[in-house]
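Below you'll find the structure, written out as structure tokens, and then a few comments.
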Amino acid sequence: MVSVCVVVVVVVMCVSGDSGDRNTPISVPLRGLTKDLGHSEAPRTGDQEREWWADYLCHQTNFQGQEQKHIIPLQQLFRDVTPERRDRNVFLMDTACNTHPRYRAWCSVESWANQNPDLDVWFLMTSQKVSDTDGLPSLLMHKYPNLRLVGTHLAGIFKGTPVEPLYLSRKWTVSETWPPEVLSNMLRALVLWHYGGIYSDTDILSIRPFTLPLNATGFDVEAVVGSALYAFSAHHPLLWTLMEDINKEFIPGVWGIIGPAAVTRVVKKACGTNDTYTLLHKAPVSCANKSVTIYPDTHFFPVFWYGFERYFNKSTGLNFDKDFKSSYVLHMWNKLSKWTPIKMGFFSIYEAAARRSCPLTFSRATLRSNFF
Ligand SMILES: *[C@@H]1O[C@H](CO)[C@@H](O)[C@H](O)[C@H]1NC(C)=O
Ligand SMILES: *[C@@H]1O[C@H](CO)[C@@H](O)[C@H](O)[C@H]1NC(C)=O
Ligand SMILES: *[C@@H]1O[C@H](CO)[C@@H](O)[C@H](O)[C@H]1NC(C)=O
Ligand SMILES: *[C@@H]1O[C@H](CO)[C@@H](O)[C@H](O)[C@H]1NC(C)=O
């Protein structure tokens, strides 16, 4: 009686050879933004060679047509900048080359910076630049000194890891494998492997400080272990096993095979069981000599995908603190919910969470309209 809901994001792929559409190096005056970005030096702009993967990921880029002066070039994680504090990081990412992420993604990013001032929050963008047309990115960076926006030096990040063969094989770039999703599944394990901390999807809102110890994963629906959020210390052996699993099990065209399914396989192995329902009943449960803990669904996934409307419905947020007293985050199920409006004055859970955790994004998003 397993119900599986698959929403396929159709990615239109156009592989262009050597079109004139190259990213030209950008040299805009940064007007003090470098400081706001939390970087000690200006982003390198002379060597923004378009990398091979950009042809597969960045064909939908919404960069064209925007005013150049509103584009902020980003330093690349691994090459230009690395986290200073091991295990004190939160990573979020946009692997689809959006230069202008939606308000909901910014709300997620802001929520982590807002609720966890003692953690460094990294928003990774494969676009390698961000549009500041509405001023929100620069506002957020100004208000949250713990927030960093960075590009990604994929070749360096993958080098010497179990997923490097898959990355180099380019098998993940064929259109029917949803390249941005597959890359994101690999990259989340990689950044935690290198730097340690928390990985969060951009449709998750942090609603209270993340005070759980690292080496944490959480149950989602049907006793599956979620991949939308997990937290590990750098060089944790389970991350290595996860990357080996992803490299081995990836099959082009099979949805979700290296997402929650991979994390669940690895946790089963660590716990020496195939019966995740029994584990769920014991949760929080620690396995492999206490090297990983799996928390109950109330912690990270309190509302399952089939109930996502609750987040948006009228008055559902009136007892927010009571209803979510055991939850650290809320997973908003963007794939299903992205066109469901968050209405102002509706007292929905989403509105309550956004007002609390992403006040700047919320006021920007509702500046000219009463929903977003
Ligand atoms: C997480 O796991 C690593 C590697 O096994 C270990 O060194 C570290 O102490 C663990 N952290 C916590 C908070 O248990
Ligand atoms: C779990 O299932 C797999 C594949 O069906 C099997 O190879 C493995 O031995 C099982 N593990 C346990 C602990 O039962
Ligand atoms: C389990 O962890 C303890 C202390 O962290 C360590 O002394 C012991 O050797 C570990 N056992 C195994 C089987 O790894
Ligand atoms: C949300 O509202 C819709 C439309 O009014 C209704 O059909 C649905 O059952 C509600 N769902 C939840 C979980 O409250």
Side-chain angles (χ1 to χ4, degrees), residues 2-3 5 85-90 116 118-119 189 191-199 209-218 221 223-225 229-245 248-249 251 257 261-280 282-295 297-299 301-320 323-324 327-328 330-333 336-343 345-353 371:
V2 178
S3 38
C5 174
R85 299 191 305 156
R86 188 181 159 119
D87 295 348
R88 304 294 295 163
N89 306 292
V90 181
N116 304 272
D118 56 341
L119 298 178
V191 290
L192 292 194
W193 171 260
H194 287 299
Y195 310 119
I198 302 160
Y199 167 77
F210 194 95
T211 51
L212 293 173
L214 293 182
N215 310 331
T217 61
V221 69
V224 162
V225 183
L229 181 137
Y230 52 71
F232 284 99
S233 58
H235 293 175
H236 192 285
L238 199 130
L239 292 170
W240 193 263
T241 312
L242 177 60
M243 291 190 283
E244 285 177 335
D245 179 278
K248 179 163 157 277
E249 300 291 334
I251 302 170
I257 192 157
V263 180
T264 305
R265 279 193 297 271
V266 167
V267 164
K268 280 178 177 174
K269 210 168 138 191
C271 297
T273 178
N274 282 326
D275 181 7
T276 51
Y277 281 96
T278 301
L279 284 180
L280 173 60
K282 292 191 222 154
V285 57
S286 293
C287 295
N289 202 13
K290 297 200 181 355
S291 71
V292 58
T293 300
I294 310 106
Y295 289 93
D297 42 33
T298 47
H299 278 47
F301 305 101
V303 174
F304 295 149
W305 62 266
Y306 50 77
F308 81 87
E309 282 181 321
R310 189 176 152 213
Y311 284 138
F312 298 83
N313 277 3
K314 206 164 183 167
S315 306
T316 51
L318 289 174
N319 298 313
F320 189 93
D323 290 349
F324 298 109
S327 305
Y328 290 82
L330 301 179
H331 186 208
M332 299 305 188
W333 301 106
L336 302 163
S337 70
K338 64 176 154 188
W339 304 119
T340 311
I342 304 157
K343 295 183 185 155
F346 234 51
F347 303 103
S348 66
I349 294 167
Y350 211 141
E351 183 184 5
F371 68 90

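Counting from 1, the numbers follow the sequence of the chain as shown. Numbering of ligands and ligand atoms starts at 1, following listing order.
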Does the protein put any heavy atom within less than 4.0 Å of [atom]?
atom: atom 7 (O) of ligand 1; result: no
atom: atom 14 (O) of ligand 4; result: yes
atom: atom 2 (O) of ligand 1; result: yes

Atoms in ligand 2 with a heavy atom of Gly272 nearer than 4.0 Å: 13 (C)
Can you tell me which residue and heavy atom of the protein come closest to [atom], and the distance to 0.1 Å?
atom: atom 12 (C) of ligand 2; result: Asn274 ND2, 3.4 Å
atom: atom 11 (N) of ligand 1; result: Asn215 ND2, 2.9 Å
atom: atom 9 (O) of ligand 4; result: Glu309 OE1, 4.4 Å

Centres of the His235 and Trp193 rings: under 6.0 Å? yes
Check this for me: Lys269, atom NZ, are more than 12 non-hydrogen atoms of other residues, nucleotides or ligands nearer than 6.0 Å? no
Considering both backbone and side-chain atoms of Thr273, is one of its nitrogen or oxygen atoms within less than 3.5 Å of a nitrogen or oxygen in ligand 2? no
Stepwise side-chain contact (heavy atoms from CB on, under 4.5 Å) test for Phe232 and Leu242: CA-CA 12 Å; Phe232 284 99; Leu242 177 60; over 6 Å; no
Residue Pro213 vicinity, atoms of ligand 1 by number, heavy atom under 4.0 Å: 13 (C)
Proximal ligand 1 atoms for His236, defined as those under 4.0 Å from one of its heavy atoms: 1 (C), 2 (O), 3 (C), 4 (C), 5 (O)
If you count the atoms of ligand 4 from 1 in the order shown, which ones are under 4.0 Å from a heavy atom of Asn313? 1 (C), 2 (O), 3 (C), 8 (C), 10 (C), 11 (N), 12 (C), 14 (O)
Hey, which atoms in ligand 4 end up nearer than 4.0 Å to a heavy atom of Arg310? 13 (C)
Could you give the distance from CZ (Arg265) to OG1 (Thr276), rounded to the nearest 0.5 Å? 13.0 Å
Do the rings of Tyr328 and Phe210 sit parallel, tilted or perpendicular, given the 30° and 60° boundaries? tilted
Over 60° means perpendicular and under 30° means parallel, so tell me whether Phe301 and His331 are parallel, tilted or perpendicular. perpendicular
Taking atom types as modelled and ignoring hydrogens, do the side chains of Thr316 and Ser348 form a donor-acceptor contact shorter than 3.5 angstrom? no
Does Ile349 form a side-chain contact (heavy atoms from CB on, under 4.5 Å) with Arg310? I'd like the steps, not just the answer. CA-CA 7 Å; Ile349 294 167; Arg310 189 176 152 213; 3.8 Å; yes
